[in-house]
Amino acid sequence: MNSWDAGLAGLLVGTMGVSLLSNALVLLCLLHSADIRRQAPALFTLNLTCGNLLCTVLNMPLTLAGVVAQRQPAGDRLCRLAAFLDTFLATNSMLSMAALSIDRWVAVVFPLSYRAKMRLRDAALMVAYTWLHALAFPAAALALSWLGFHQLYASCTLCSRRPDERLRFAVFTGAFHALSFLLSFVVLCCTYLKVLKVARFHCKRIDVITMQTLVLLVDIHPSVRERCLEEQRRRRQRATRKISTFIGTFLICFAPYVITRWGKASCLGQEPFRSSDRVSSSPSWRTRSLDNCTCHLSLDTCNAPRDYQYTPDCT
């Protein structure tokens with residue numbers, strides 16, 4: 001194992017440690033606060049956190065073993081199971097973030113009727129749907145034998161090595177990403193655009209009241225007036241910054257996953273990979289393996305802690 005492979009292995013080990021720590025802290029917060037557990041967003045966050053922990057405990061060690069050994073890290077059955085979980089957990093995480101955005105949209109647009117519209121039962125139904133939706137594609141891939149070890153990525157994931165299946169696998173991959181990543185991204189943009197409009201509307205109302213107050217208080221100290229105006233400027237930027245951070249986090253977390261997986265659709269026609277074959281150490285494999293590590297890094301360490309701060313009573 002050369003220095004490049006050692007660096008990749010170190011990155012994966014560090015990612016696993018950070019992911020376990022950050023997601024464990026989220027679980028501790030949920031267990032410690034009964035108020036948070038009684039709210040609907042807690043189910044979405046719990047679903048997302050558990051998925052990240054499963055990916056850290058089950059998938060990332062196999063990826064680490066593939067990088068270190070430069071070969072398929074386990075038997076064919078275990079590798080197919082890991083590929084199934086990889087596809088399922090990634091889709092489940094995307095849909096969970098979309099569900100969180102829908103919850104925030106309901107809370108902001110319908111604040112007075114939020115508790116009636118978003119009960120724990122409703123949140124549980126949404127989580128059940130994300131599971132069914134996320135299970136559909138890996139189940140179809142398993143039935144079509146499109147799960148296994150991909151040597152260009154040193155990872156067990158979606159793959160097809162038969163040239164005659166090129167078109168079908170490309171269509172399947174496109175549909176998978178359209179109904180997972182793209183769908184979640186569209187939901188995020190639509191819901192948070194509405195949230196941003198409502199936030200700006202309330203900011204304008206507050207600004208009017210603030211300016212009227214400053215006009216009436218003619219004897220107010222200039223420093224107090226300046227602080228009020230500065231807070232007014234910050235208020236205008238706060239909602240935009242938070243929403244941009246949330247959507248940007250989604251893109252940073254999942255865009256590498258989608259790009260690298262979509263790239264495999266054009267990498268068909270390889271010789272069937274046997275568990276005893278060694279992975280190529282060419283720069284192409286190294287670059288793609290680094291992309292795979294980056295995907296896992298974003299997926300496991302960014303999502304749950306980032307989303308948890310947007311749940312009520314958490315900040």
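Everything quoted here is computed from the prediction, not taken from an experiment.
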Closest contact, heavy atoms only, [X] versus [Y]:
| X | Y | result |
| --- | --- | --- |
| Lys117 | Asp122 | O-OD2, 3.1 Å |
| Arg104 | Pro41 | NH2-CG, 3.6 Å |
| Val109 | Lys194 | CG2-CG, 3.7 Å |
| Ala140 | Phe172 | CB-CE1, 3.9 Å |
| Gly148 | Cys79 | C-SG, 3.8 Å |

Distance in Å, [X] [atom1] paired with [Y] [atom2], rounded so as to fall on 0.5 Å steps:
| X | Y | atom1 | atom2 | result |
| --- | --- | --- | --- | --- |
| Thr45 | Asn23 | OG1 | CG | 11.0 Å |
| Thr91 | Phe254 | OG1 | CZ | 9.0 Å |
| Trp146 | Cys159 | CH2 | SG | 11.0 Å |
| Leu27 | Leu46 | CG | CG | 6.5 Å |
| Cys189 | Leu196 | SG | CG | 11.5 Å |
| Glu165 | Leu167 | CD | CG | 11.0 Å |

Please answer whether the main-chain N or O of [Y] pairs with a side-chain N or O of [X] as donor and acceptor at a distance below 3.5 Å.
| X | Y | result |
| --- | --- | --- |
| Ser33 | Ile36 | yes |
| Asn47 | Val127 | no |
| Arg37 | Leu30 | yes |
| Thr87 | Ala83 | yes |

Would you say [X] and [Y] are hydrophobically clustered, going by side-chain heavy atoms of ILVMFWY under 4.5 Å?
| X | Y | answer |
| --- | --- | --- |
| Leu100 | Val198 | yes |
| Leu120 | Phe110 | yes |
| Leu182 | Leu193 | no |
| Met94 | Tyr192 | yes |
| Leu85 | Val57 | yes |

Review point. With a 6.0 Å cut-off on ring centres, are Phe88 and Phe137 close enough?
Key: no
Review point. After noting the C-alpha distance and the side-chain angles of Leu251 and Phe181, does the key distance pass the side chain to side chain contact (heavy atoms under 4.5 Å, CB included) rule?
Key: CA-CA 9 Å; Leu251 290 176; Phe181 174 79; 3.9 Å; yes
Within-4.5 Å side-chain heavy-atom neighbours: [X] and [Y]:
| X | Y | result |
| --- | --- | --- |
| Val171 | Phe176 | no |
| Leu179 | His133 | yes |
| Leu144 | Arg168 | yes |
| Asp103 | Tyr114 | yes |
| Arg80 | Ser145 | no |
| Ile102 | Val187 | yes |
| Thr173 | Leu158 | no |
| Met97 | Phe246 | yes |

Practice item. Verify the neighbour count for atom OH of Tyr129: are there more than 12 heavy atoms of other residues, nucleotides or ligands below 6.0 Å? Key: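 No, the 6.0 Å shell around OH holds no more than 12 heavy atoms from other groups.
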Review point. Around atom CZ of Phe185, are there more than 12 heavy atoms of other residues, nucleotides or ligands at under 6.0 Å?
Key: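 Counting neighbours around CZ of Phe185, 12 or fewer heavy atoms of other residues, nucleotides or ligands fall under 6.0 Å, so no.
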Revision key, fill the gap. Residue set satisfying side chain to side chain contact (heavy atoms under 4.5 Å, CB included) with Arg121, at least two apart, ordered chain then number -> Arg119
Review point. With no hydrogens and no angle check, do the side chains of Thr56 and Ser19 hold a donor and an acceptor under 3.5 Å apart?
Key: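 Checked: Thr56/Ser19 side chains pair up, N/O donor to acceptor below 3.5 Å.
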Practice item. Could you pull out all residues at least two apart from Ser101 that satisfy side-chain hydrogen bond (donor to acceptor under 3.5 Å, both in side chains)? Key: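 Listed in chain order: Thr191.
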Review point. Listed by chain and number, what are the side-chain hydrogen bond (donor to acceptor under 3.5 Å, both in side chains) partners of Arg38, not counting sequence neighbours?
Key: Asp35
